[in-house]
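Letters A, B, ... are given to chains in the order of the sequence lines, protein chains preceding strands, and every chain is numbered from 1. Fair warning: this is a prediction, and the values are worked out from it, not measured in the lab.
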Number of protein chains: 2
Amino acid sequence: MVRATKQRKTIHHVLVKYRRPLSVSEILKLAQSEVAGLGIATVYRNLKALQEEGQVIQVDLPGQSPRWEVTPGGHHHHFLCRKCDKLFEIHDCPRDIQRILPKGYILEEHDVLLRGQCDACSRTANTRQPKATAE
Amino acid sequence: MVRATKQRKTIHHVLVKYRRPLSVSEILKLAQSEVAGLGIATVYRNLKALQEEGQVIQVDLPGQSPRWEVTPGGHHHHFLCRKCDKLFEIHDCPRDIQRILPKGYILEEHDVLLRGQCDACSRTANTRQPKATAE
DNA sequence: GTCGTTGCAAAGCGTTTGCAGCCTA
DNA sequence: TAGGCTGCAAACGCTTTGCAACGAC
């Protein structure tokens, strides 16, 4: 039987509250402010458990450690802001992907990762944004 | 001054010979068959050195350890075969990516990773392919 | 009271670094 | 022969695992 400990509830709550993919260290820091003494191993164990329950998913970006988010609706892609390092969901999809496939290849999945500046950062053109991904 | 040791020449040669992104462990195994006693640290150091010279590039895939390939021509994407785990280059690009961008966001780069079955694996439909990425 | 869960510390794993000896130029 | 390069082992950072104590049900 799965037990609703305050650690597990807090980890899930942090992901619900911030509504975008967070790294393990961000989750640890944010959850520790609610549960003093929370250990990193507990974060890893609960993220994996929540993933198996289907409540959260792991988001892998090329060359970065994984981030975690509450399971999103349907098919989507991601936009990574190069200024503030936040990751956003894009609920749309290129339509002409099949076209670029070489002959004989069978397409089963596709990932699209966009990089640039998010709305907030593009407004403050030359201002340097903090790199913090948790706010 | 950069010295052309047999280790460095072999590591570069392996990448030239196989013409697709190889993992560090694949490179080590392949190069060790030409240079007995080759160490993993030497592979890492030389890959980084070759990268700084512009001879090779690191290819990062989501959730996988990096692979390395000789510096390819221009803008391209990748296709990862889910049967044989080989990675292939796609020298074409979706054209309607700008369309899916939310308002206010500025697009600077994009990565597309396709997954499915490569030409060779799709021909052998129900046959199981070896997972080896070096052959 | 049971036994799933926790925090700690140790172990794993891929990658990097320090160092003495080697070998290219 | 100088000093860049190598192999080895230790160090690193992130993640997982073993274990005794804890606490949800």
Side-chain angles (χ1 to χ4, degrees), chain A residues 1-15 21-69 85 87 131-134, chain B residues 1-15 21-69 85 87 131-134:
Chain A
M1 181 202 295
V2 176
R3 289 181 185 173
T5 61
K6 63 179 188 297
Q7 289 88 343
R8 176 163 305 174
K9 281 185 281 186
T10 301
I11 289 164
H12 186 246
H13 175 246
V14 162
L15 290 172
L22 301 176
S23 67
V24 172
S25 59
E26 286 177 300
I27 295 165
L28 177 66
K29 195 179 303 178
L30 293 166
Q32 274 178 336
S33 69
E34 299 182 38
V35 180
L38 175 65
I40 186 77
T42 300
V43 175
Y44 279 107
R45 280 189 283 234
N46 277 298
L47 287 173
K48 185 165 283 186
L50 288 165
Q51 184 181 38
E52 277 162 15
E53 292 170 29
Q55 306 231 42
V56 307
I57 62 162
Q58 183 174 352
V59 181
D60 286 318
L61 300 189
Q64 299 202 355
S65 44
R67 307 185 187 209
W68 296 81
E69 67 179 333
D85 199 44
L87 189 66
K131 262 265 178 173
T133 56
Chain B
M1 181 202 295
V2 176
R3 289 182 183 170
T5 62
K6 63 179 187 297
Q7 288 88 345
R8 175 163 307 172
K9 281 185 282 188
T10 302
I11 289 165
H12 185 246
H13 174 246
V14 162
L15 291 173
L22 301 176
S23 67
V24 173
S25 59
E26 286 178 299
I27 295 166
L28 177 67
K29 194 180 302 178
L30 293 166
Q32 274 179 338
S33 69
E34 298 182 38
V35 180
L38 174 66
I40 185 80
T42 300
V43 175
Y44 279 107
R45 280 188 284 235
N46 277 298
L47 288 172
K48 185 166 284 187
L50 288 165
Q51 184 181 37
E52 277 162 15
E53 292 170 29
Q55 306 231 44
V56 307
I57 63 162
Q58 183 176 351
V59 181
D60 285 319
L61 299 189
Q64 300 202 355
S65 44
R67 306 186 187 208
W68 295 80
E69 67 178 333
D85 199 45
L87 188 66
K131 262 266 179 174
T133 56

Answer yes or no: is there a side-chain heavy-atom contact under 4.5 Å between Asp85(A) and Gln64(A)?
yes
Pick base, sugar-phosphate or nothing for Ile40(B), based on heavy-atom distances below 4.0 Å to the nucleic acid.
nothing
For dG14(C), does OP1 or OP2 lie under 4.0 Å from any side-chain N or O of Ser65(B)?
no
What does Arg45(A) touch in the nucleic acid at a heavy-atom separation under 4.0 angstrom: a base, only the sugar-phosphate, or nothing?
base
Contacting residues from residues 47-60 of chain B, given that a heavy atom lies under 4.0 angstrom of DNA chain D:
none
Do side-chain atoms of Gln55(B) reach the backbone of Leu50(B) as a donor and acceptor pair under 3.5 angstrom?
no
Between Gln32(B) (CD) and dT6(D) (P), how many Å, whole number?
14 Å
Could you give the CZ-to-C1' distance, from Arg67(B) to dG14(C), as a whole number of Å?
15 Å
Send over the distance from Ile11(A) CD1 to dT5(C) C1', rounded to a whole Å.
11 Å
Closest non-hydrogen atoms of Arg8(B) and Arg3(B), given as atom of the first, atom of the second and distance, are NH1-O, 3.8 Å
Between P on dC13(C) and CD on Gln64(B), what's the gap in Å once rounded to a whole number?
18 Å
If you measure from CG on Leu15(B) to CD on Glu69(B), what distance do you get to the nearest 0.5 Å?
9.0 Å
Write down the distance between CG (Asn46(A)) and C1' (dT6(C)), rounded to a whole number of angstrom.
9 Å
Interface polar pairs with nucleotides 22-25 of chain D, N/O, under 3.5 angstrom:
{"unit_1": "dG23(D)", "atom_1": "N2", "unit_2": "Arg3(A)", "atom_2": "NH1", "d": "2.3"}
{"unit_1": "dA24(D)", "atom_1": "N3", "unit_2": "Arg3(A)", "atom_2": "NH1", "d": "3.4"}
{"unit_1": "dC25(D)", "atom_1": "OP1", "unit_2": "Ala4(A)", "atom_2": "N", "d": "3.4"}

